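Sharing a structure, written as structure tokens. Questions coming.
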Amino acid sequence: MQALNENVLSENVLSEQEVKQNVQHIMEEVRQAAVSAGRNPDDVQVMAVTKTVDPVLVNAAIEQGITLLGENKAQELCSKYDSYHKEGVSIHFIGHLQTNKVKQIVDKVCMIESVDSIKLAKEIDKHCAAIDKVMDVLIEVNIGREENKTGIFPEEVEHLLEEIAKLEHVRVRGMMTIPPVCENKEEVSQYFSRMSQLFIDIKQKKYDNINMEILSMGMSADYPTAVRYGSNIVRIGTAMFGKRNYKRS
């Protein structure tokens, strides 16, 4: 793997076997959370968040049944893409995406989960038109209204949907959020509940070219709670691959 200009993994924190055991544990926790919420466990996908993770460990997770990867950085995705065992595996882009990086990734991912402006949506539309592709996207919502986070506020969602609906090579499939860091389940539950209600409200409006099917929320610290509030994609990094050791290159 070529050196990256941003954060890279300094060393493998876990072994391949440990990653596989973590995947098993996560899958079982998701299953239990879904069942307790009266949901079909098959309706919830576990995403392996691969930021700074060695492809060897990512492939170990794939061998254990992971079929969805989440990439945060365009440059890292491009550098690791050919090293992944991609048969039967989908890749989503989940990080903040700069418009000048769109061209690098549109041929490598099947969904961009972090669309938060019409400017970005139009750039995706332009580059997907050039390769005759319709890109599935999620609208990133800043449910906690945090100034240091990307995503739009809940009251801005409908206007953005109306604008994106006009684009021929972008198709909205749902919404994504990262709630504020919370000290307990009760606190984070409030944000998941608000997001779930927003998802339901928007889904009932039935916009053209908008299919509210996916609610992507929940990470290593809170994914069982997210499943109980309707998430159907949980994005797991640390709980699967261990705490990453970063260095600058």
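From a predicted model like this one, the values you see are computed outputs, not experimental measurements. The analysis underlying the following values was restricted to heavy atoms, covering all of them including side chains, and did not include hydrogens, waters or symmetry mates. We count residues from 1, following the sequence as given.
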ask   = Charged N to carboxylate O under 4.0 angstrom, K149 versus E146?
value =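 Salt bridge: yes.
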request  = For the pair E63 and K20, find out whether any cationic side-chain nitrogen is under 4.0 Å from an anionic carboxylate oxygen.
outcome  =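 Answer for the salt bridge query: yes.
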inquiry  = Just so I know, are the side chains of I112 and S114 near enough to count as touching, which here means a heavy-atom distance under 4.5 Å?
reply    =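 Side-chain contact under 4.5 Å: yes.
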key: Between E140 and T150: side-chain donor-acceptor atoms closer than 3.5 Å   =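 Note: E140 and T150 side chains meet the donor-acceptor criterion.
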inquiry  = Suppose the criterion is side-chain hydrogen bond (donor to acceptor under 3.5 Å, both in side chains): which pairs have a residue in residues 93-109, not counting sequence neighbours?
reply    =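 Those involving residues 93-109 do not exist here.
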query = Is the charged tip of K86 near the ring of Y81: under 6.0 Å from the six-membered ring centre and within 45° of its axis?
reply =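 Judged by the rule, K86 and Y81 form a cation-pi pair.
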key: Partner residues of Y229 under the side-chain hydrogen bond (donor to acceptor under 3.5 Å, both in side chains) criterion, sequence neighbours left out   =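 Scan of Y229 (side-chain hydrogen bond (donor to acceptor under 3.5 Å, both in side chains), adjacent residues dropped) gives none.
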key: Pairs meeting criterion side-chain hydrogen bond (donor to acceptor under 3.5 Å, both in side chains) with involvement of residues 154-182, two or more places apart   =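 Only D136-R171, D136-R173, R145-E155, E158-Y207, E163-K166, R173-E213 qualify under side-chain hydrogen bond (donor to acceptor under 3.5 Å, both in side chains).
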query = Salt bridge between E76 and K80, side-chain N to carboxylate O under 4.0 Å?
reply =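 K80 and E76: salt-bridged.
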request  = Apply side-chain contact (heavy atoms from CB on, under 4.5 Å) to V89 and I66, showing your working.
outcome  = CA-CA 8 Å; V89 173; I66 290 294; over 6 Å; no
query = Residues in salt bridge (charged side-chain N to carboxylate O under 4.0 Å, His left out) with R31, at least two apart?
reply =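 Only E28 meet the salt bridge (charged side-chain N to carboxylate O under 4.0 Å, His left out) criterion with R31.
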inquiry  = Atom CG of residue position D208 - does it have more than 12 heavy atoms of other residues, nucleotides or ligands inside 6.0 Å?
reply    =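 12 or below, so no.
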query = Is any side-chain heavy atom of H92 less than 4.5 Å from a side-chain heavy atom of E71?
reply =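 Side-chain contact under 4.5 Å: no.
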ask   = Can you pull the side-chain hydrogen bond (donor to acceptor under 3.5 Å, both in side chains) pairs that have at least one residue in residues 39-49, sequence neighbours excluded?
value =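 Passing the test, one end in residues 39-49: no pairs.
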key: Connected hydrophobic set around I94, excluding itself, where side chains approach under 4.5 Å   =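 Joined to I94, directly or through intermediates: M47, V49, L68, M111, L138, M176, I178, I214, M219, I233.
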